[in-house]
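The basis for the numbers below is simple: all heavy atoms, side chains too, and nothing from hydrogens, waters or symmetry mates. The structure presented is a predicted model; accordingly, all values stated were derived computationally and were not measured.
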Amino acid sequence: MADPRLPLAGLKVLELGHYIAGPFATRLLADMGAEVVKVEPPEGDPIRHWGSRQDGHPVWFSIHGRNKLSVTLDLKNPRDQARLKALAARADALVENFRPGYLERIGLGPAVLHAANPRLVIARISGYGQDGPYRDKPAFGAIGEAMGGLRHLTANPGQTELPPPRCGISISDDLAGMYAAMSVVSACWGRDAGQGGPGRIIDISLVDSVVSLTEGMLPEYGLTGKIRQPAGAAIPTTAPTNTYPCADGKWLCVAGNSDLIFRRLMAAIGRPELAADPRMADNGGRCANVEELDSAIAGWTRTLPAKEAQDILEAAEVPASRLYDIRDIAEDPHFRARDTVMQVEDPLIGPILHPAAPFRFDGVAPRDMVRWTGPAAGAHNDRVFKDWLGEQA
């Protein structure tokens, strides 16, 4: 099932992941062509019990497990532990996201795995990392967002009666998964084409992954003591950029950041005098007078449906988009033309929509990168144990 057109064809990866972060990392690797063997407990990954189901099969797993081979092993069973070590001996990399110390407690820690395969790259994803005073504390993605500083920023300014909302997806898990996938490829490159030597151990934390996105906040605080506060839909360092109400109850995001775009925006909304105002001549002046600008733009957007306002601004070459929900995404002609949204055939569920892989390689159509959808737990036991271990069914 390997596709030689994909850059990671031939790379063998074991996934001991469960829930989101580890499996997301290996999904990215599998989309890029790696042969990923997902090792699940006999009852399957717990994520199989989340979300909607079709004919008894989890809909999310169609994407979460795509392009992966699924085997079932009881990692506390000595026979299955021996099988896992044998699989590790033939793998290039292993991704796990158990709590720190769990694999060591059941006799499958990095020392044991490296004894079976010194060249194995091991990526370990956890809430707080493999060391430090919080190492053993339990964590899920929401904790990564909270401690990483993201939830502080998602509040609306001055709003204290409601908690700051999450962004709607498990962003810290996904970030950690992206960093893990990137690190696995980097470590395999260093081992095979660069520095040589044994496999590396990679330490990825949900909290660290979110902290890495804090832009200039840390240096600003270190130098001046400034603590960035929630800005709602605005960007505090550039103006006008915000989200504005429209006549149909929808919202329009407008990014009038540069001097030239700002002048085009003011002309489009019928306020050329603001573009000519010396106070608005540069970004610093616009930030100082952002309330006046936002009021002018909102006064215009409130008179139009969101799609009509968007069309007017796009005709003036002003970056703008109404806020899409999943129906908008599924039906948008640009996404469909690029196969960003595609219908694939899932043998367990039937026709189903998938997002394309978030990267493209010349010579490979996005549809070709979805080689198969998420399989049933243990669907590839016979194949993997035969091909990798030489066992006969």
Side-chain angles (χ1 to χ4, degrees), residues 11 13-29 34 36-41 45-47 73 75-76 81 84-85 87-89 91-150 170-191 194-195 197-214 218:
L11 189 75
V13 180
L14 283 181
E15 179 207 301
L16 300 187
H18 60 311
Y19 292 110
I20 300 176
F24 186 69
T26 54
R27 190 195 104 189
L28 297 175
L29 297 171
V36 172
V37 172
K38 178 176 178 62
V39 178
E40 303 187 61
D45 187 327
I47 206 72
L73 292 174
L75 296 185
K76 296 180 181 178
Q81 285 190 348
L84 180 69
K85 288 183 234 179
L87 290 170
D92 293 293
L94 180 147
V95 177
E96 63 97 353
N97 64 326
F98 294 110
R99 284 178 67 175
Y102 175 77
L103 287 182
E104 287 85 346
R105 287 196 298 274
I106 64 172
L108 292 171
V112 172
L113 297 172
H114 277 154
N117 180 1
R119 301 180 72 255
L120 185 69
V121 169
I122 302 173
R124 315 194 75 178
I125 307 173
S126 62
Y128 297 94
Q130 300 297 317
D131 55 20
Y134 300 159
R135 170 187 185 270
D136 296 320
K137 292 171 63 173
F140 277 108
I143 306 305
E145 297 171 36
M147 188 176 173
L150 181 59
S170 303
I171 188 69
S172 66
D173 288 290
D174 295 339
L175 281 170
M178 285 189 276
Y179 288 150
M182 183 190 313
S183 300
V184 164
V185 173
S186 299
C188 288
W189 166 262
R191 178 196 64 195
Q195 304 149 352
R200 310 285 291 268
I201 298 175
I202 301 162
D203 180 359
I204 303 284
S205 112
L206 303 185
V207 172
D208 292 351
S209 296
V210 178
V211 170
S212 75
L213 299 185
T214 51
L218 268 176

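In this structure, the side chain of E15 does not engage the main chain of V95 through any donor-acceptor pair within 3.5 Å. In this structure, the side chain of Q81 engages the main chain of L75 through a donor-acceptor pair within 3.5 Å.
Pairs passing the side-chain hydrogen bond (donor to acceptor under 3.5 Å, both in side chains) check and including a residue from residues 126-145, sequence neighbours excluded, read E145-R151. The side-chain hydrogen bond (donor to acceptor under 3.5 Å, both in side chains) contacts involving residues 102-113 comprise E104-R124, where partners must be two or more places apart or lie in separate chains.
Contact between A88 and L113 at its shortest, heavy atoms only, is CB-CD2, 4.0 Å. In this structure, A139 and G127 approach most closely via the heavy-atom pair CB-CA, 3.7 Å. The minimum heavy-atom distance linking G148 with V211 is given by the pair CA-CG2, 3.8 Å. Nearest heavy-atom pair, S205 versus G129, reported as atom, atom and distance to 0.1 Å: CB-N, 3.4 Å. In this structure, A34 and V13 approach most closely via the heavy-atom pair CB-CG2, 4.1 Å. Closest of all the heavy-atom pairs between V184 and A123 is CG2-CB, 3.8 Å.
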Audit row: F24, S170, side-chain contact (heavy atoms from CB on, under 4.5 Å) steps and yes/no: CA-CA 11 Å; F24 186 69; S170 303; over 6 Å; no
What's the verdict on side-chain contact (heavy atoms from CB on, under 4.5 Å) for L84 and L14, showing C-alpha distance, side-chain angles and the deciding distance? CA-CA 9 Å; L84 180 69; L14 283 181; 4.1 Å; yes
Derivation of the side-chain contact (heavy atoms from CB on, under 4.5 Å) call for I125 and D173: CA-CA 9 Å; I125 307 173; D173 288 290; over 6 Å; no
Please evaluate residues S172 and V207 with respect to the criterion side-chain contact (heavy atoms from CB on, under 4.5 Å), reporting the C-alpha separation (whole Å), side-chain torsions for both, the decisive distance (0.1 Å), and the verdict. CA-CA 7 Å; S172 66; V207 172; over 6 Å; no
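In this structure the side chain of V121 never reaches within 4.5 angstrom of the side chain of D92, judged on heavy atoms. Inter-residue side-chain proximity for P23 and I47 is flagged as unmet; no heavy-atom pair is nearer than 4.5 Å. You'll find the side chain of N97 stays beyond 4.5 Å of the side chain of L16, heavy atoms only. With a 4.5 Å cut-off on side-chain heavy atoms, L87 and L73 count as touching. L213 is not listed as a side-chain neighbour of L150, based on a closest heavy-atom distance of 4.5 Å or more. Residues K85 and L108 meet the side-chain proximity criterion, which asks for heavy atoms closer than 4.5 Å. Between I202 and I122, the closest side-chain pair of non-hydrogen atoms is not below 4.5 Å. R200 places none of its side-chain heavy atoms less than 4.5 Å from the side chain of R191.
Partners of P46 according to the side-chain contact (heavy atoms from CB on, under 4.5 Å) rule, which considers only residues two or more places apart in sequence or in another chain, are H18, Y19.
Summarising the geometry, atom NE2 belonging to H114 is positioned 9.0 Å from atom CG belonging to L94; distances are rounded to the nearest 0.5 Å.
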